[in-house]
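Fair warning: this is a prediction, and the values are worked out from it, not measured in the lab. For ligands, and for the atoms within them, numbers begin at 1 and follow the listed sequence.
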Amino acid sequence: MEKTMRTPIIAGNWKLNKTISEAVALTTALKALVAEVSDVEIIVAPPFTALAAVRDAIADSNIHLSAQDVYSEDSGAFTGEVSAPMLKDVGCDYVIIGHSERRQYFDETNESVNQKVKAALAHGLKPIICVGEQLEERESGQTEAVIEDHVTGGTAGLSAAELLSCVIAYEPVWAIGTGKTATPAQAQEVHSFIRGLLTKAYSAEVASQLCIQYGGSVKPENASELMAEPDVDGALVGGASLEAESFAQIVKFDQ
Ligand code: PEP
């Protein structure tokens, strides 16, 4: 499948930011700025506390709702966790899983990522599975080994149809929140490697349909050159998604 057949997906990860009223204000401003966009899947991922309010604010719009994490069990004695049925109930279509901040600060592993991916899929949520190497890993030539480990670990046991309900986000850890973006060539190299891994594990047809986002200091100034690469199908945006104007400019990367 040609790149042009894959709908670009631009997602804003708000991380630990925005009260309910701030979240609604941001969403309302964003909604107006991107109302005419029909060729991009637009996603916002507010904190759990703002999901219901943002759901109401995006009603009848072209913006989809995502959570930033999910627990692998549906219910039970797991104080502080939020489950896939709960996220579906509040109106999420997507959930970010395995973000490097969760791997780094909250002991997320490939195994827990895989369990969460399966729980999300079982309840009709589309996982955005984050993968990416740290700076020392890149500098010591381990990028491909780390990416292979994250991709195969995160997607273990998924059928082709399940894989195609997922999005993979390549986020080099050294580029997240640092202002250091991967060059378009660096991003393309890893995206093409990921598509190659999935070609081997599934088929060329399946791999060619999968959306692979890039994340790491994406800004209005660099979005279009990254998106021009043949295997870069979208962006997962942190800092620049916290303001409606800059996120809208990234959403409109091709205008
Ligand atoms: C992210 O958190 O997924 C991210 C890419 O952050 P930033 O855009 O701020 O680098």
Determine the interplanar angle of the Y71 and F78 rings, folded into 0 to 90°, and report it as parallel if under 30°, tilted if 30 to 60°, perpendicular if over 60°. tilted
Evaluate I212 against V190 for side chain to side chain contact (heavy atoms under 4.5 Å, CB included), listing each step before the verdict. CA-CA 10 Å; I212 307 177; V190 177; over 6 Å; no
Give, for atom NZ of K88 and atom CG of L65, the distance between the pair rounded to the nearest 0.5 Å. 10.5 Å
Contact with ligand 1 for K219, non-hydrogen, under 4.0 angstrom: no
How far apart are the C-alpha atoms of H64 and I58, what are their side-chain angles, what is the distance that settles it, and do they pass the side chain to side chain contact (heavy atoms under 4.5 Å, CB included) test? CA-CA 8 Å; H64 297 264; I58 59 176; 5.8 Å; no
With heavy atoms under 4.0 Å as the rule, classify the contact between N13 and ligand 1 as side chain, backbone, both or neither. side chain
Return yes when S217 approaches ligand 1 closer than 4.0 angstrom through a heavy atom, no otherwise. yes
Atom 9 (O) of ligand 1: which of A235, G239, G132 has the nearest heavy atom? G239
Check whether any side-chain N or O of T199 sits under 3.5 Å from a backbone N or O of A207 as a donor-acceptor pair, and report yes or no. no
Report yes if T178 has an N/O atom closer than 3.5 Å to an N/O atom of ligand 1; otherwise report no. no
The atoms of ligand 1 lying under 4.0 Å from a heavy atom of G216, numbered in the order shown, are 5 (C), 10 (O)
Relative to each other, are the rings of H191 and Y170 parallel, tilted or perpendicular (30° and 60° limits)? perpendicular
A175 touching ligand 1 at heavy-atom level, < 4.0 angstrom: yes
Heavy-atom nearest pair, A182 first then A175, reads N-CB, 4.2 Å
Return the closest protein heavy atom for atom 3 (O) of ligand 1 as residue, atom name and distance. E171 OE2, 2.7 Å
Atom 1 (C) of ligand 1: the protein heavy-atom neighbour that sits closest, reported with distance to 0.1 Å: H99 NE2, 3.2 Å
Can you confirm whether L236 sits close enough to C130 that some side-chain heavy atom of one is under 4.5 Å from a side-chain heavy atom of the other? yes
Proximal atoms of ligand 1 relative to G177 (non-hydrogen, under 4.0 Å): 7 (P), 9 (O), 10 (O)
For atom 8 (O) of ligand 1, which of G215, C130, G238 has the closest heavy atom? G238
